[in-house]
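First the structure, in the form of structure tokens, and then the observations on it.
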Amino acid sequence: MQRVLSGMQPSGRLHLGNYLGALTNWKALQDDHECFFFVADWHALSTNYEDTSRMTTYVRELLIDWLAVGIDPERSTVFIQSHVPAHAVLHLLLSMITPIPWLERNPSYKEKQEHVEGRDLSTHGFLGYPVLQAADILLYKADAVPVGHDQLPHLELTRELARRFNSLYTPVLVEPTALLTDFPKVVGTDGRKMSKSYGNTIHLSDPEPVVRQKMKTMVTDPARVRRNDPGNPEVCPVFALHKTYSDSTVIDRINHECRTAAVGCIDCKQFLANRIVEQLSPIWEARRTFEANPARVDEVVQSGRASASKTAAHTLAEVKEAMKI
Ligand code: TRP
Ligand code: SF4
């Protein structure tokens, strides 16, 4: 079985975009891959090192979101990065063979340096972010890493580091391939891409009234002011979400009835809210179970820690042996 590994930073509750983009893919991979999924808490520190007061909450929330959507600890190893110190050791060893220009030319480094305001990101930790990510991946000899487009430069650097290590010492490390999660972007309540930084998200953990309220206030075709005005679904974010959530008969019907003003926005939104609530209901149910049983979540991360540590220790021993350390 091919081995798959992926991680997410604990930076708040997950939303529908995260769910449809990454998690449904992770969930499906469990069927025919050996999977490792981890909470990248050290990575979160690289940009949020000043205020760490919510870190433990975020880690917990993320784990519960994962378990609730069906990441299955019976089949996958679910763990927390900082529970496995081998990540830090391999990060250090890899940093010795990482040329600084490789890191400086990383597009996401440059982009965040320029665009993230209010934080000083000229830190060693932030520059070395991709080295830590490479350590995460190489430690488990992952064959494939499910990621979004934005992560491709990090994957490339991981491959370059593996090659460099293997040619300097002995071929111990496995070059991973990226498994692109190419889900079309999920639209947020304001019509832009659903994203935490825009404040336009619907969270997996939002209760039903909150979901329905958010849907009610969702932006529509701005030209459709009165109920009798015909609308244009092509410019309407609600319609974009219908394309994600509704079946083709409903989509066709709305496409037609919006243009003739046969359907009103309130009803149109309600059809959509019903679909979303339907999809989220089993997740809410599962969330409640895990929230009511924190010991179960602890058990998952403890056994994840044990099993991840074992694999990691094995690779780290080979790495040290290769480096004569
Ligand atoms: N950088 C990833 C992100 O921000 C998170 C991450 C850390 C990761 N280590 C990883 C993803 C290893 C895949 C593999 O989304
Ligand atoms: Fe958008 Fe639906 Fe209103 Fe048409 S009817 S403008 S698709 S919300």
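Just follow the structure's listing: the first ligand is 1, and inside any ligand the first atom is 1. These numbers come from the heavy atoms of this one structure, side chains and all, not from hydrogens, waters or symmetry mates.
For ligand 1 and Val145, the ligand atoms under 4.0 Å from any heavy atom of the residue are 13 (C), 14 (C). Taking a cut-off of under 4.0 Å to the non-hydrogen atoms of Val238, the atoms of ligand 2 that pass are 8 (S). Every atom of ligand 2 with a heavy atom of Phe239 under 4.0 Å away is listed here by number and element: 7 (S). Close contacts of ligand 2 with Asp221, meaning ligand atoms under 4.0 Å from a residue heavy atom, involve 6 (S). Every atom of ligand 1 with a heavy atom of Gln9 under 4.0 Å away is listed here by number and element: 4 (O). For ligand 2, the atoms sitting less than 4.0 Å from at least one non-hydrogen atom of Thr220 are 8 (S), numbered in the order shown with element in parentheses. Near Phe38, meaning under 4.0 Å from one of its heavy atoms, ligand 1 places the atoms 9 (N), 10 (C), 12 (C). Atoms of ligand 2 lying under 4.0 Å from at least one heavy atom of Cys236, given by number and element, are 1 (Fe), 6 (S), 7 (S), 8 (S). Near Gln151, meaning under 4.0 Å from any of its heavy atoms, are these atoms of ligand 1: 1 (N), 2 (C), 3 (C), 4 (O), 15 (O).
For ligand 1, the polar-atom distance check finds an N/O of Asp136 within less than 3.5 Å of one of the ligand's N/O atoms. Residue Gln133 has at least one N or O atom closer than 3.5 Å to an N or O atom of ligand 1.
If you run side chain to side chain contact (heavy atoms under 4.5 Å, CB included) between Leu16 and each of Val211, Leu280, Val187, Thr244, only Leu280 comes through. Of the residues Leu45, Val59, Thr47, Leu62, the one that meets the side chain to side chain contact (heavy atoms under 4.5 Å, CB included) test with Gln9 is Thr47.
At least one N, O or S atom of Cys258 sits under 2.8 Å from atom 4 (Fe) of ligand 2.
A distance-only check finds a donor-acceptor pair linking the side chain of Arg227 to the backbone of Ala261 [under 3.5 Å].
Grouping the Ile, Leu, Val, Met, Phe, Trp and Tyr side chains by contacts below 4.5 angstrom, directly or via other members, places Val174 apart from Val84.
Ring geometry for Phe239 against His242 counts as tilted: the plane angle lies between 30° and 60°, on a 0 to 90° scale. Between Tyr129 and His154, the angle of the ring planes lies from 30° to 60°, which puts this pair in the tilted group.
Ligand 2 has no atom lying under 4.0 Å from any heavy atom of Lys269.
Between Arg13 and Glu61, no side-chain nitrogen of the basic residue sits less than 4.0 Å from a carboxylate oxygen of the acidic one, so the salt-bridge criterion is not met.
Of the heavy atoms in Tyr140, none comes closer than 4.0 Å to ligand 1. Contacts between Ile137 and ligand 1, counted as non-hydrogen atom pairs separated by less than 4.0 Å, involve the side chain only.
Aromatic pair His87/Tyr140: ring centres closer than 6.0 Å.
Within the 4.5 Å cutoff, side-chain heavy atoms of Thr311 are placed close to those of Phe36.
Here the heavy atom of the protein found nearest to atom 1 (N) of ligand 1 is Tyr129 OH, 2.7 Å. Closest to atom 5 (C) of ligand 1, if we only count protein heavy atoms, is Gly7 O, 3.6 Å. Scanning all protein heavy atoms for the shortest distance to atom 5 (S) of ligand 2 gives Arg224 NH1, 3.0 Å.
Among Cys268, Ala240, Cys265, Pro230, the residue whose heavy atom lies nearest to atom 2 (Fe) of ligand 2 is Cys268.
Within a 6.0 Å radius of CZ in Arg253, no more than 12 heavy atoms belonging to other residues, nucleotides or ligands are found. Other residues, nucleotides and ligands contribute over 12 non-hydrogen atoms within 6.0 Å of the CD atom of Glu104.
In this structure, CD1 on Ile137 lies 9.5 Å from CG on Leu157, to the nearest 0.5 angstrom.
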